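What you see below is based on every heavy atom in this structure, not just the backbone, and it leaves out hydrogens, waters and symmetry mates. Numbered from 1 within each chain, the chains take letters A, B, ... in sequence-line order. This one's a predicted model, so the numbers in the text were calculated from it and none came from an experiment.
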There are 2 protein chains.
Amino acid sequence: MNAPAHLAIGVLSQRTGCNIETIRYYERVGLLPITARSASGYRLYGTEHLKRLTFIRRARALGFSIDEIRTLLKLADERKRPCAEARVVAAAHLEDVRAKIADLRAMERVLRETVARCADGKGSDCPLIETLYRGAGISPRSSPQSRRDRVLAPADVRPAARP
Amino acid sequence: MNAPAHLAIGVLSQRTGCNIETIRYYERVGLLPITARSASGYRLYGTEHLKRLTFIRRARALGFSIDEIRTLLKLADERKRPCAEARVVAAAHLEDVRAKIADLRAMERVLRETVARCADGKGSDCPLIETLYRGAGISPRSSPQSRRDRVLAPADVRPAARP
DNA sequence: ATAGAGTCTGTAGTAACTACAGACTCAAGG
DNA sequence: CCTTGAGTCTGTAGTTACTACAGACTCTAT
């Protein structure tokens with residue numbers, strides 16, 4: 001065992017690939033516990049934090065939200081009958097992921113077709129822009145009370161943040 | 001033609017399925033022009049706004065960011081050689097969408113497998129939680145300088161907002 | 001005249017971070 | 001012992017694309 005008893009935040013950051021500000025953020029929002037501090041106020045972490053943070057990062061990489069992870073961690077912490085409940089969380093999330101894939105596939109198809117028409121466009125107008133202006137065979141909504149933005153995809157499909 | 005000369009914001013909202021606050025937001029961020037106002041200060045819209053907003057909503061539904069739409073609109077407004085440039089924007093976006101699909105597929109696979117193991121889990125521990133803690137055949141990063149969060153997907157894969 | 005709907009501005013909230021500023025602390029070198 | 005540079009601290013503000021108010025007007029119909 002060559003692991004030291006306490007790790008500084010920078011070491012934890014390196015070991016998990018999670019940046020320092022994010023670690024402090026996870027503490028603020030309650031995913032990581034409030035740690036012991038050194039005499040001068042530095043956070044001190046142990047291997048349990050390393051494991052927990054790894055868990056969090058993996059779950060995030062699988063697309064779980066912070067809230068879902070909070071639930072999962074609570075279940076893991078309780079260590080009683082967590083399996084069924086954890087499965088519910090994961091299954092719901094799986095459905096979300098599948099819905100998202102379906103939406104993105106629809107986007108992909110329209111984009112691909114439009115870009116293709118753009119590529120061999122000999123006319124004066126840009127087919128891409130025409131498509132967006134005139135609509136790709138989709139009419140603007142007629143019923144105002146319909147809750148969904150039925151252009152191509154459900155209303156709640158928003159692009160993920162791309163910095 | 002039964003379209004009136006000016007539409008109030010609420011009517012524009014109904015016709016486009018875009019909510020009122022969002023319309024004002026688009027004006028603030030420069031996607032919609034600053035409109036004429038009635039004597040009492042109400043915004044007045046015409047069919048050109050209706051078309052433009054429809055364009056914006058469709059582009060958003062296809063996952064274009066506000067910034068990309070700004071570019072697209074500028075090209076459409078300029079009406080000179082927009083096709084090639086618009087195609088570049090759309091093609092880049094198409095690549096993003098494809099990358100996102102690939103990432104989500106990877107998530108889907110791991111989630112599906114994990115949930116399945118969870119369903120027929122006869123042991124005492126939850127395989128889902130174990131997976132997250134121990135890793136799904138993926139080791140925690142060793143090289144600190146590697147830029148990507150190589151758990152399953154690139155670091156910039158974040159789940160889309162789900163209210 | 002008055003009720004109820006529509007609209008206005010401005011601000012603040014959301015998710016999940018990221019990016020500072022300005023102050024401290026720590027370890028190594030001279 | 002002092003300095004230098006790296007590490008860490010807090011707190012606040014920025015990001016994206018909206019959404020949700022509060023409080024004040026205005027418009028339409030009865």
A.B. asks: Measure all distances between protein nitrogen or oxygen atoms and nitrogen or oxygen atoms of nucleotides 6-8 of chain D, and list the pairs falling under 3.5 Å.
C.D. replies:
residue, atom, partner, partner atom, Å
D/dG7, N2, A/Y42, OH, 2.4
D/dG7, N3, A/Y42, OH, 3.3
D/dT8, OP1, A/G10, N, 2.9
D/dT8, OP2, A/G10, N, 3.3

A.B. asks: Quick one: list whatever passes side-chain hydrogen bond (donor to acceptor under 3.5 Å, both in side chains) with A/T71, sequence neighbours left out.
C.D. replies: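 Residues passing side-chain hydrogen bond (donor to acceptor under 3.5 Å, both in side chains) with A/T71: none at all.
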A.B. asks: Partners of A/R112 by salt bridge (Lys or Arg N to Asp or Glu O under 4.0 Å), sequence neighbours excluded?
C.D. replies: A/E108
A.B. asks: C/dG10 P sits how many Å from B/E27 CD, rounded?
C.D. replies: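 Interatomic distance, CD of B/E27 to P of C/dG10: 12 Å.
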A.B. asks: For B/R105, enumerate each residue passing the side chain to side chain contact (heavy atoms under 4.5 Å, CB included) test, keeping only those at least two apart in sequence or located in another chain.
C.D. replies: A/I101, A/R105, B/I101
A.B. asks: Using whole Å, report how far CD1 of B/I23 lies from P of D/dA17.
C.D. replies: 18 Å
A.B. asks: Does a nitrogen or oxygen in the side chain of B/N19 sit under 4.0 Å from OP1 or OP2 of D/dT19?
C.D. replies: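 Yes, B/N19 has a side-chain N/O under 4.0 Å of OP1/OP2 on D/dT19.
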A.B. asks: Looking at residues at least two apart in the chain, or sitting in another chain, which of them share a side chain to side chain contact (heavy atoms under 4.5 Å, CB included) with A/R28?
C.D. replies: A/Y25
A.B. asks: Toward the 5' end of DNA chain C, which comes first, A/A39 or A/E21, by nearest nucleotide?
C.D. replies: A/E21
A.B. asks: Applying side chain to side chain contact (heavy atoms under 4.5 Å, CB included), can you list everything that pairs with A/Y42, at least two apart in sequence or on another chain?
C.D. replies: A/S38, A/S40
A.B. asks: Answer yes or no: is there an ion pair linking B/D103 with B/K100, defined by an N-O contact shorter than 4.0 Å?
C.D. replies: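 No, this pair does not count.
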A.B. asks: When you measure from the side chain of A/I66, which nucleotide among C/dT18, D/dA17, C/dC17 comes out closest?
C.D. replies: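 The answer is C/dC17, which lies nearest to the side chain.
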A.B. asks: Nearest to the side chain of A/R37, heavy atoms from C-beta on, is which of C/dC17, D/dC9, C/dT9?
C.D. replies: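 In terms of side-chain proximity for A/R37, the closest of C/dC17, D/dC9, C/dT9 is D/dC9.
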A.B. asks: Looking at B/R28, does any N or O in its side chain come under 4.0 Å of the phosphate oxygens OP1/OP2 on D/dT16?
C.D. replies: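 The answer is no; no side-chain N or O of B/R28 sits under 4.0 Å from OP1 or OP2.
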A.B. asks: Measure from the side chain of B/R57, starting at C-beta and using heavy atoms only, and say which of D/dC18, C/dA16, C/dC17 lies closest.
C.D. replies: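 My answer, after comparing the listed nucleotides, is D/dC18.
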A.B. asks: Is B/Y26 near enough to D/dA17 that one of its side-chain N or O atoms lies under 4.0 angstrom from OP1 or OP2?
C.D. replies: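 Answer is no, no contact under 4.0 Å.
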